[in-house]
Amino acid sequence: MSLRIVVCVKYVPDATGDRHFADDLTVDRDDVDGLLSELDEYAVEQALQIAEEADDAEVTVLTVGPEDAKDALRKALSMGADKAVHVEDDDLHGTDVMGTSLVLAKAIEKVGYDVVIAGMASTDGTMGVLPAILAERLGVPQVTLLSEVKIEDGVVTGRRDGDTASEQLEASLPAVVSVTDQSGEARYPSFKGIMAAKKKPVESLDLEDLEIDADEVGLEGAWTAVDSAAERPARTAGTIVKDEGEGGKQLAEFLASQKFI
Amino acid sequence: MADILVYVDHVDGAVRKPTLELLTLARRLGDPVAVALGNGAADTAAALAEHGAVKVLTADAPEFAEYLVVPKVEALQAAYESVSAAGSLAAVLVPSSAEGKEIAARLAVRIGSGIITDAVDLEAGDEGPVATQSAFAASFTTKSRVSKGTPVITVKPNSAPVEAAPAAGAVEALAVSFSEKAHGTKVTSRTPRESTGRPELTEAAIVVSGGRGVNGAENFAIIEALADSLGAAVGASRAAVDAGWYPHSNQVGQTGKSVSPQLYIASGISGAIQHRAGMQTSKTIVAINKDAEAPIFDLVDYGVVGDLFDVVPQLTEEVKSRKG
Ligand SMILES: Cc1cc2nc3c(=O)[nH]c(=O)nc-3n(C[C@H](O)[C@H](O)[C@H](O)COP(=O)(O)OP(=O)(O)OC[C@H]3O[C@@H](n4cnc5c(N)ncnc54)[C@H](O)[C@@H]3O)c2cc1C
Ligand SMILES: Nc1ncnc2c1ncn2[C@@H]1O[C@H](COP(=O)(O)O)[C@@H](O)[C@H]1O
């Protein structure tokens with residue numbers, strides 16, 4: 001029996017670029033280079049490792065995003081995923097987490113799954129809640145924020161390092177998993193992988209395919225509204241001294257002047 | 001005045017500071033009704049009343065410890081239903097811990113509400129609470145609202161002062177019945193994090209962090225000594241954590257903790273965007289780095305270009321002698 005793994009990956013603006021908002025206060029995706037969210041590479045990596053352990057498994061990478069989001073899918077395919085699904089629709093522009101999770105849930109159900117694997121958070125929105133919402137929508141257990149994950153005999157186990165404790169978790173499949181950047185370095189695509197990825201299937205779906213009304217998503221359908229976005233004023237230039245033997249003392253003097261000591 | 005539901009983060013009855021801060025914000029919006037769950041829930045009442053809770057709804061059941069997240073969602077949903085049935089409920093506020101965000105998000109789906117995460121400030125607005133958030137590694141500040149349902153908002157630590165505001169804080173038992181879903185993910189074991197005796201990273205007024213420049217686990221003693229002289233928490237960059245020099249629970253940045261102390265001291269940290277994401281909103285920033293071109297110097301109020309192995313111990317000595 002084949003293990004069907006669906007990995008949710010997001011195409012995000014490069015964090016080291018000059019990220020900003022568009023006029024309609026959505027994330028500007030035109031002026032900054034995009035890429036597969038680094039935190040989702042960990043999800044792809046764990047999916048591939050789980051697939052390698054299983055007798056028979058299929059890894060599908062799924063994204064909801066604009067045309068360019070295909071780049072993120074290609075990268076995941078070149079790492080070793082088997083196939084890709086791209087949900088793309090003009091009406092999706094400005095969708096918030098509630099809408100995105102609705103679309104992902106419908107797409108996941110359409111594709112068919114035993115386990116969904118997501119990253120810990122997207123590097124642009126950084127909410128870190130989508131996997132929990134997916135579990136709620138799909139009505140399956142959430143086994144999230146794992147720094148270690150294993151799937152055996154239809155049971156997923158893993159370690160979740162929380163604020164006050166480290167927990168060992170267990171749930172039966174089907175389930176939604178998310179993994180942190182502590183779960184293990186993601187592999188680099190090999191040349192062979194990159195070549196093979198070009199031939200792997202990428203299925204495109206739109207809202208109609210998923211039987212979702214346009215007014216359930218997009219900026220208008222969002223359940224939250226951004227009223228303003230302002231660039232944080234640059235921090236005023238501070239004092240910088242070179243240590244000539246008294247650097248520690250000078251710093252102490254500064255801290256004292258600010259009443260920290 | 002409308003009621004504001006406040007989810008209580010506590011450890012065996014000891015209320016954690018972010019919840020007290022949340023009560024300060026909740027009082028700007030209405031009357032705080034606290035919801036405390038699990039072992040020691042009723043013991044939270046005194047502290048919550050002292051900081052403005054008009055009512056404390058409590059529930060304890062083995063499920064809260066034995067299963068992940070969902071039992072807490074179901075209890076919070078029960079609180080939501082009982083409070084909204086009794087009057088007007090204007091918002092649900094939850095501390096922005098990893099678990100808090102997941103609880104809030106699932107509740108939001110269940111009650112058909114929009115959700116805002118990681119607010120750093122809240123004020124009352126004509127169309128409901130207005131949340132201030134930081135975006136793109138804190139290089140932008142946004143103001144947002146929930147436009148559908150009862151707003152569900154998670155708030156980061158250090159977003160408001162803790163204020164005494166005594167209120168009734170009447171304890172009421174909350175009736176919760178769990179669905180099958182609550183038993184989906186079993187917590188098979190739990191290892192509490194060992195306390196270091198230092199302040200909690202996200203709550204500390206001063207954070208002293210070390211990075212790759214610290215160059216070894218044993219050298220973190222230098223960072224710890226400075227932290228202890230100032231009564232500070234210790235942080236680390238991901239490079240230091242990945243090298244195994246310091247625990248991941250102390251990592252500051254995008255995939256670690258986000259801190260906003262009065263004073264942040266970075267030693268041997270270059271100031272990569274992912275690190276800045278977790279500390280850029282600190283009030284005063286100080287850095288010690290031997291590279292004058294390190295991007296961290298763009299953020300500082302005071303910087304020393306020098307070797308941390310010279311500067312940090314000297315600073316520690318000076319702090320100790322000044323403090324007498
Ligand atoms: C998806 C993603 C998430 C990430 N999340 C985080 C995160 O949460 N937190 C985080 O910190 N990083 C994170 N990173 C990593 C980040 O990009 C940087 O690699 C990291 O912050 C670098 O750590 P550093 O500043 O300690 O090391 P480096 O960049 O190597 O800097 C070391 C600095 O120490 C200085 N130095 C060396 N020796 C001395 C000395 N003797 N005295 C004084 N100065 C000295 C050097 O001049 C240099 O500036 C993330 C990256 C990615 C891709
Ligand atoms: N548009 C998207 N398409 C596919 N997966 C997504 C999308 N947005 C978020 N995710 C997944 O959900 C995780 C958490 O996202 P977030 O809650 O937005 O921080 C990410 O790491 C992804 O795995």
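Numbers restart at 1 for each chain; the letters A, B, ... are given by sequence-line order, proteins then strands. Hydrogens, waters and symmetry mates are skipped; everything else that's a heavy atom, side chains included, is used. Computed from a predicted model, the values in this text were never measured in an experiment.
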* To do: Side chain from CB out, backbone as N, CA, C, O: work out which of these in L299(B) comes under 4.5 Å of a heavy atom of chain A, or both, or neither.
  => both

* To do: Evaluate the ring planes of F21(A) and F140(B), with Trp represented by its six-membered ring, and classify them as parallel (under 30°), tilted (30 to 60°) or perpendicular (over 60°).
  => perpendicular

* Asked: Would you find a donor on one side and an acceptor on the other, under 3.5 Å apart, between the side chain of T185(B) and the backbone of A171(A)?
  -> no

* **Pairwise side-chain contact, F136(B) with V27(A), heavy-atom cut-off 4.5 Å (strictly under)** => yes

* Let me know if K323(B) has heavy atoms under 4.5 Å from chain A in its side chain, its backbone, both or neither. => side chain

* To do: Could you tell me which portion of D227(A) (side chain, backbone, both or neither) has an atom closer than 4.5 angstrom to a non-hydrogen atom of chain B?
  => both

* Would you confirm whether Q314(B), through its side chain, and G245(A), through its main-chain N or O, come within 3.5 Å as a donor-acceptor pair? => yes

* Quick one: what part of M127(A) sits under 4.5 Å from any heavy atom of chain B, side chain, backbone, both or neither? -> both

* To do: Spell out the residues in residues 96-105 of chain A that have some non-hydrogen atom less than 4.5 Å away from a non-hydrogen atom of chain B, in order of number; otherwise answer 'none'.
  => V97(A), M98(A)

* Structure fact -> Bottom line for Q262(B): the part with an atom under 4.5 Å from chain A's heavy atoms is both

* Interchain contact, I285(B) with chain A, by part (heavy-atom threshold 4.5 Å) -> both

* What residues of residues 228-237 of chain A sit under 4.5 Å from chain B when only non-hydrogen atoms are counted? -> S228(A), A229(A), A230(A), E231(A), R232(A), R235(A), T236(A), A237(A)

* To do: Would you give the length of the straight line joining atom CD of E102(B) to atom CD1 of I133(A), rounded to the nearest 0.5 angstrom?
  => 10.0 Å

* Asked: Got a salt bridge between E38(A) and R238(B), using NZ or NE/NH1/NH2 to carboxylate O under 4.0 Å?
  -> no

* Structure fact -> When the 4.5 angstrom heavy-atom criterion is applied to R145(B) and chain A, the contacting part is both

